[in-house]
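Lettering follows sequence order; numbering is per chain, from 1. Every heavy atom of this structure was used, including side-chain atoms; hydrogens, water molecules and symmetry mates were not.
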There are 2 protein chains.
Amino acid sequence: MATGRTHRPATRSRGIPEATVARLPLYLRALTALSERSVPTVSSEELAAAAGVNSAKLRKDFSYLGSYGTRGVGYDVEYLVYQISRELGLTQDWPVVIVGIGNLGAALANYGGFASRGFRVAALIDADPSMAGKPVAGLPVKHTDELEAIIEDNGVSIGVIATPAGAAQQVCDRLVAAGVTSILNFAPTVLTVPDGVDVRKVDLSIELQILAFHEQRKAGEEAMAAPASPAPAVRGGTGGGKGPDGDVPAVMPA
Amino acid sequence: MATGRTHRPATRSRGIPEATVARLPLYLRALTALSERSVPTVSSEELAAAAGVNSAKLRKDFSYLGSYGTRGVGYDVEYLVYQISRELGLTQDWPVVIVGIGNLGAALANYGGFASRGFRVAALIDADPSMAGKPVAGLPVKHTDELEAIIEDNGVSIGVIATPAGAAQQVCDRLVAAGVTSILNFAPTVLTVPDGVDVRKVDLSIELQILAFHEQRKAGEEAMAAPASPAPAVRGGTGGGKGPDGDVPAVMPA
DNA sequence: CCATCTTTGTGCACACGTTCACAAAGACAT
DNA sequence: ATGTCTTTGTGAACGTGTGCACAAAGATGG
């Protein structure tokens, strides 16, 4: 545990901004679709529309990779697919392990998007002994005991955690100890990892909550002119009720 | 193409920055855990650690909600739980529909995090007639034909799309036409929606690709002594003989 | 070979987000 | 009451991301 570095330096990687990196897969997908339709070239305007972004942003993003376009024409689709793939590291094979083969883990194992882009599911791992050997998505589920061996034997550096929240940190620790340096976490927990290990979090309920916020705001604005009481059913829960604004709970900060 | 606005007006919600809204669920989760352990108050430092963020950021975030803390003491846990819940709109009941009951849809239906936070699965919908009536997570799967009726009858304003990419836009259009104004999209497609409809995207393979980028960088830095050019620096976990590495399309933009 | 037209690549200005650092506010002991 | 100690709330500096607008680069046609 080095004391020098702060926790998550967000690694402004090497001239390529993080925000750009996050969009490259988006461009890649749009380009792959064009490639399959044998479209030879595409303009920044068209590609941006397909990827759902602003064209100026797209051009700036690409400018970080180099000058791969041709003025007056656009971008060569095949060439760009290769360049982005290479930049993202998808020209090599990335073995991944998925830990926690519940509903979500099984869904991930079956998800075609993984295998199709340089990722290979090296193993499915679960703590439940009764799962061991059971085939999921064509692979036999391995027991947690084998975790370290699997990671070392396959040179796995990316791990996916789809366990319940309670087990996530423990699994994470073992993954890291065994050599994994990138983790995709689906468990609703904050993972603590040593420096040099990347963690990305996907949290289903957080996304819904963000939507609820905007939804509430929309409903509120809409009902501004209408009577004070909004239409949706009110869930008082503990009986606190949801009265008008001033009607806050009994508990005040002492 | 009713692309609508290309940029999000969401930022100006109500003085609360989008980045802050995205963190509120994180704080809420940490606070709920504290509440269950009957911790009465918490300092910004402690809570920030639990949520995995910087304490100054947390305080600034809370300052957008109001002055809910007590100097020299910290924040009252219960009070803050309520305030954040209310701000996020979780004090009311949000019926949601999940469309596409494959592996992922089933996982979502079973995911406890939904029900536990003001969200109620109103219905599971699938296009496959043979799924109809089959119970998933205790609910009978409905056929797509009933989509509009379900949404109207239940006052659903939030929809979750877990269909294959090809069906997503069509489902989206039907959801929107039926009255849904917020969509959580798990299909790897860019959805086009009219103004006033919010879409959030969760893309599993994109997250992995971002990890691969950083992983490649780490591997490259480690094994590189004299970086002269953006040389491929191929170094994978496997033996590497992954084929089309050297014989890449040397296609140049014509 | 020149004129025109299209589209890239980017300088610049602005908006948004993060972090620091510190004064103000309150708790608590004496 | 008064002083000390803790912790919030926030002004200000800084860094990152976004979008406009335009010059430069190249294609295309006469």
Side-chain angles (χ1 to χ4, degrees), chain A residues 5-24 26-27 31 39-77 79-80 83-84 210 252-254, chain B residues 3 5-24 26-27 31 39-77 79-80 83 210 252-254:
Chain A
R5 278 283 190 185
T6 46
H7 29 230
R8 203 134 312 146
T11 335
R12 53 188 167 307
S13 304
R14 211 24 176 161
I16 302 187
E18 190 60 26
T20 295
V21 173
R23 280 188 294 267
L24 288 182
L26 217 57
Y27 303 144
L31 284 164
V39 177
T41 62
V42 66
S43 72
S44 64
E45 204 75 45
E46 294 167 325
L47 185 54
V53 304
N54 179 301
S55 71
K57 196 188 296 187
L58 178 143
R59 288 199 298 278
K60 181 149 289 193
D61 283 342
F62 285 177
S63 79
Y64 292 116
L65 308 184
S67 286
Y68 294 148
T70 305
R71 294 171 192 232
V73 176
Y75 299 92
D76 182 279
V77 172
Y79 186 67
L80 205 45
Q83 288 298 342
I84 294 179
I210 296 171
M252 279 293 289
Chain B
T3 313
R5 299 212 165 262
T6 45
H7 59 274
R8 273 174 304 193
T11 331
R12 302 257 147 83
S13 342
R14 177 62 158 65
I16 302 186
E18 188 61 26
T20 294
V21 173
R23 279 188 295 268
L24 290 182
L26 217 57
Y27 302 144
L31 284 165
V39 177
T41 61
V42 65
S43 71
S44 65
E45 204 75 46
E46 294 167 325
L47 185 54
V53 303
N54 180 301
S55 71
K57 195 188 295 187
L58 178 142
R59 286 198 300 276
K60 179 145 289 197
D61 283 343
F62 285 178
S63 79
Y64 292 115
L65 307 185
S67 285
Y68 293 148
T70 305
R71 296 172 192 231
V73 175
Y75 300 91
D76 182 280
V77 172
Y79 185 67
L80 205 45
Q83 289 299 342
I210 295 172
M252 280 296 289

First of B:Tyr64 and A:Ala56 reached from the 5' end of DNA chain D, by closest nucleotide: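 The answer here is B:Tyr64.
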Side chains of B:Val53 and B:Arg23 in contact at under 4.5 Å (non-hydrogen atoms):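 Yes - at least one pair of side-chain heavy atoms lies under 4.5 Å apart.
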A:Arg59 and A:Tyr75, any side-chain heavy atoms less than 4.5 Å apart: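 In contact.
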Could you state the atom-to-atom distance from [atom1] of [X] to [atom2] of [N] in whole Å?
X	N	atom1	atom2	answer
A:Glu46	C:dT6	CD	C1'	12 Å
A:Leu58	C:dG9	CG	P	10 Å
A:Glu18	C:dG17	CD	P	16 Å
A:Asp61	C:dG9	CG	P	12 Å

Donor-acceptor pair present, A:Lys60 side chain and C:dG9 base, under 3.5 Å: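 No, the side chain and the base share no sub-3.5 Å donor-acceptor pair.
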hbond_proxy B:Arg71 side chain to D:dT7 base (donor-acceptor, 3.5 Å cutoff):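 There is none.
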OP1 or OP2 of D:dT7 under 4.0 Å from side-chain N/O of B:Tyr68: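 So the side chain of B:Tyr68 is outside the cut-off, no N or O lying under 4.0 Å from OP1 or OP2 of D:dT7.
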Presence of B:Asn54 side-chain N/O under 4.0 Å of C:dC20 phosphate oxygens OP1/OP2: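 Yes, such a contact exists.
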To the side chain of [X], which of [options] is closest?
X	options	answer
B:Ser43	D:dT8, C:dT8, D:dC20	D:dT8
A:Ala19	D:dT18, C:dG17, C:dG9	D:dT18
B:Ser44	D:dT8, D:dG17, C:dT8	D:dT8
A:Val73	D:dC20, C:dG17, D:dA27	D:dA27
A:Arg59	C:dT10, C:dC22, D:dG26	C:dT10

CD-CD1 distance between B:Glu18 and A:Ile210, expressed to the nearest 0.5 angstrom: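 Spacing of CD (B:Glu18) from CD1 (A:Ile210) equals 7.0 Å.
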Euclidean distance, A:Leu24 CG relative to A:Leu31 CG, rounded to 0.5 Å: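 Spacing of CG (A:Leu31) from CG (A:Leu24) equals 10.0 Å.
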Option passing ring-ring contact (aromatic ring centres under 6.0 Å, His included) with B:Phe62 (candidates B:Tyr68, B:Tyr27, B:Tyr79):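 That would be B:Tyr27; it is the only one of B:Tyr68, B:Tyr27, B:Tyr79 passing the ring-ring contact (aromatic ring centres under 6.0 Å, His included) with B:Phe62.
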Sugar-phosphate only, base, or nothing, as touched by B:Phe62 at under 4.0 Å among non-hydrogen atoms: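 Touches nothing.
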